[in-house]
2 protein chains.
Amino acid sequence: MGLTKTEFFTERQNKTAMLLKALGHPARVAIIEHLLKVKSCVCGDIVSELPLAQPTVSQHLKELKSAGIIKGSVEGTSVCYCLDEKAFESLSAYFSHALTDLQNKNSTCC
Amino acid sequence: MGLTKTEFFTERQNKTAMLLKALGHPARVAIIEHLLKVKSCVCGDIVSELPLAQPTVSQHLKELKSAGIIKGSVEGTSVCYCLDEKAFESLSAYFSHALTDLQNKNSTCC
DNA sequence: TCGTTTGATTGCAATATTACGATTAACGAT
DNA sequence: ATCGTTAATCGTAATATTGCAATCAAACGA
C-alpha cells in the first residue's frame with residue numbers, strides 16, 4: 001500500500017516519527033551537521049557543500065523545515081537557514097530518557 | 001530516481017541516517033516505546049499491541065533489527081525482542097552534543 | 001529596464017516503502 | 001506422524017521518496 005497508518009498511533013508517536021524520518025537521510029544529516037559547524041548560519045551555500053543538485057537540496061531543506069528542524073529567513077536575494085533549537089531539545093530529551101529507562105531495568109534477556 | 005546517493009556522504013553520516021530512518025515510522029516508534037515500558041522483553045506479542053497485521057509487524061521488526069536498534073533471540077517457538085542499548089547510547093550522545101553545540105553558539109539570526 | 005543571481009517549483013523517471021493475504025518453516029504437544 | 005502456535009517470507013498493489021533538468025519568481029545592481 002505504501003500508506004502509513006498514522007491514525008492508529010498517538011499524536012506524540014507520529015510527531016516523533018516525523019522528526020526522525022526527516023533526519024533519516026544522509027543528505028539531511030549532512031545539512032544539519034553543516035549548520036551546526038558554521039558560526040553564521042550560512043544561508044544558501046549549503047548547496048555548494050553538498051554533492052547534489054540545487055533542486056534536490058532545496059527539496060531536502062523543505063522537508064527539514066516542514067518537520068520543524070530548521071528555520072529559514074529571507075535576506076534580500078538569499079535565504080538564511082538555521083537549526084531550530086526546540087527540535088534538538090525534544091530529541092535530546094527523548095533519547096536521554098529512553099537510555100536511562102533502558103539502563104534502569106537491567107533486563108537479563110538477549 | 002529514488003536512489004539515495006550514500007557514496008557521497010561519510011560513513012558516520014550514513015550510519016546516523018540509517019538509525020534515524022529506522023525510527024522514522026510511528027509503528028516502529030510504538031514498538032520501541034513498548035519495549036521500553038515492559039519489564040521482561042515481551043517477545044512476540046508486540047504484534048497484538050499494534051494495529052497492524054502480523055507480516056507488517058514482522059517487517060518493521062526486521063528493519064529495526066537490521067539497523068541495530070533491537071536484538072532478537074529465539075526461545076523455542078517464540079522470539080524475544082529487546083532494545084540494543086548501544087544504539088540508544090549513540091543517539092543520545094549525538095543529540096546531546098548537537099544541542100550543546102547549538103546552545104553555545106548563540107547565533108543571532110532566524 | 002534589463003540582465004544576473006538566488007532559490008523555489010514543476011514534471012518526470014527510477015526506486016523504495018508500506019501493508020497485507022497467502023504461504024511456509026520451526027517448534028512443542030498430543 | 002499430525003496438529004496447533006508462532007513468526008518469517010513471498011508476492012503484489014498502492015503510495016512515497018529521491019534526484020534532476022527545466023523553468024519560474026523575486027530581488028538586486030548596472
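In what follows, chains carry the letters A, B, and so on, assigned in the order in which the sequence lines appear, proteins first and then strands, with residues in each chain numbered from 1.
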Quiz prompt | Residue whose closest nucleotide on DNA chain D lies nearer the 5' end, B:T77 versus B:T6 | solution = B:T77
Quiz item: With a 4.5 Å heavy-atom cut-off, do B:R12 and B:Y94 have their side chains touching?
Solution: yes
Practice problem: Select from B:H25 and A:G44 the residue whose nearest nucleotide in DNA chain C is closer to the 5' end of that strand. | Solution: A:G44
Practice problem: For A:E63, answer base if it contacts any base atom (sugar-phosphate contacts may also be present), sugar-phosphate if it contacts only those atoms, and nothing otherwise; contact means non-hydrogen atoms under 4.0 Å. | Solution: sugar-phosphate
Quiz item: Aromatic rings A:H25 and A:H60: how do their planes relate, parallel, tilted or perpendicular, breaks at 30° and 60°?
Solution: tilted
Quiz item: C:dC12 C1' sits how many Å from B:L3 CG, rounded?
Solution: 16 Å
Quiz item: Rounded to the Å, how far apart are A:K21 NZ and D:dA16 P?
Solution: 9 Å
Self-check item: Side-chain (B:S48) to main-chain (B:D45) donor-acceptor, under 3.5 angstrom
Solution: yes
Self-check item: Distance test, side-chain N/O of B:T56 to OP1/OP2 of C:dC20, below 4.0 Å
Solution: yes
Quiz item: Quick one: B:E49 CD to D:dA7 C1', roughly how many Å, whole number?
Solution: 17 Å
Quiz item: Closer than 4.0 Å, any side-chain N/O of B:Y81 to the OP1 or OP2 of D:dA8?
Solution: yes
Quiz item: Closer than 4.0 Å, any side-chain N/O of B:S58 to the OP1 or OP2 of D:dA8?
Solution: yes
Practice problem: Can you pull out how bent the helix from C:dT1-D:dA30 to C:dT30-D:dA1 is, comparing the axes over its first five and last five pairs, to 10°? | Solution: 20°
Practice problem: From the options C:dT10, D:dG19, D:dT6, select the nucleotide whose nearest atom is closest to the side chain of B:T4. | Solution: D:dG19
Self-check item: Phosphate contact (C:dC20 OP1 or OP2) by A:K5 side-chain N/O below 4.0 Å
Solution: yes
Quiz item: What is the distance, rounded to the nearest whole Å, between atom CZ of A:F9 and atom C1' of C:dT18?
Solution: 11 Å
Quiz item: Which whole-number value in Å describes the distance from A:L50 CG to C:dG7 P?
Solution: 13 Å
Exercise. Could you tell me whether the side chain of A:R28 reaches within less than 4.5 Å of the side chain of A:I32, counting heavy atoms only?
Key: no
Quiz prompt | Atom pair distance, as rounded to whole Å: CG in B:D45 and P in D:dT5 | solution = 16 Å
Exercise. For B:K65, answer base if it contacts any base atom (sugar-phosphate contacts may also be present), sugar-phosphate if it contacts only those atoms, and nothing otherwise; contact means non-hydrogen atoms under 4.0 Å.
Key: nothing
Quiz item: With side chains defined as the heavy atoms from C-beta onward, is the minimum distance between B:L23 and B:L91 less than 4.5 Å?
Solution: yes
Quiz item: So do the side chains of B:M18 and B:E63 get within less than 4.5 Å of each other, counting heavy atoms only?
Solution: no
Quiz item: For the side chain of A:V79, counting heavy atoms from C-beta on, which of D:dT18, D:dT15, C:dA8 is nearest?
Solution: C:dA8
Self-check item: Nearest-nucleotide comparison on DNA chain D, the residue closer to the 5′ end among A:R28 and A:G76
Solution: A:R28
Quiz prompt | Any A:H60 side-chain N or O less than 4.0 Å from OP1/OP2 of D:dG19 | solution = yes
Quiz item: Are any of the side-chain heavy atoms of B:N14 and B:T10 separated by less than 4.5 Å?
Solution: no
Self-check item: Sugar-phosphate only, base, or nothing, as touched by B:L61 at under 4.0 Å among non-hydrogen atoms
Solution: nothing
Quiz item: In terms of side-chain heavy atoms of B:Q59, which of C:dA19, D:dC20, C:dC27 is nearest?
Solution: C:dA19
Quiz item: Expressed in angstrom and rounded to an integer, what is the separation of B:L23 atom CG from C:dT17 atom P?
Solution: 15 Å
Exercise. Quick one: closest heavy-atom pair of B:P26 and A:T4, and the distance?
Key: CG-CG2, 3.7 Å
Exercise. Go through D:dA22, C:dC20, D:dA7 for me and flag the one nearest to the B:L52 side chain.
Key: C:dC20
Quiz prompt | N/O donor-acceptor pair under 3.5 Å between A:D84 side chain and A:I70 backbone | solution = no
Exercise. Report the nucleotide, chosen from C:dT18, D:dT6, D:dA8, that has the shortest atom-to-atom distance to any side-chain atom of B:Q54.
Key: D:dA8
Quiz item: Can you find a side chain N or O atom of B:K62 that sits less than 4.0 Å from OP1 or OP2 on D:dA7?
Solution: no
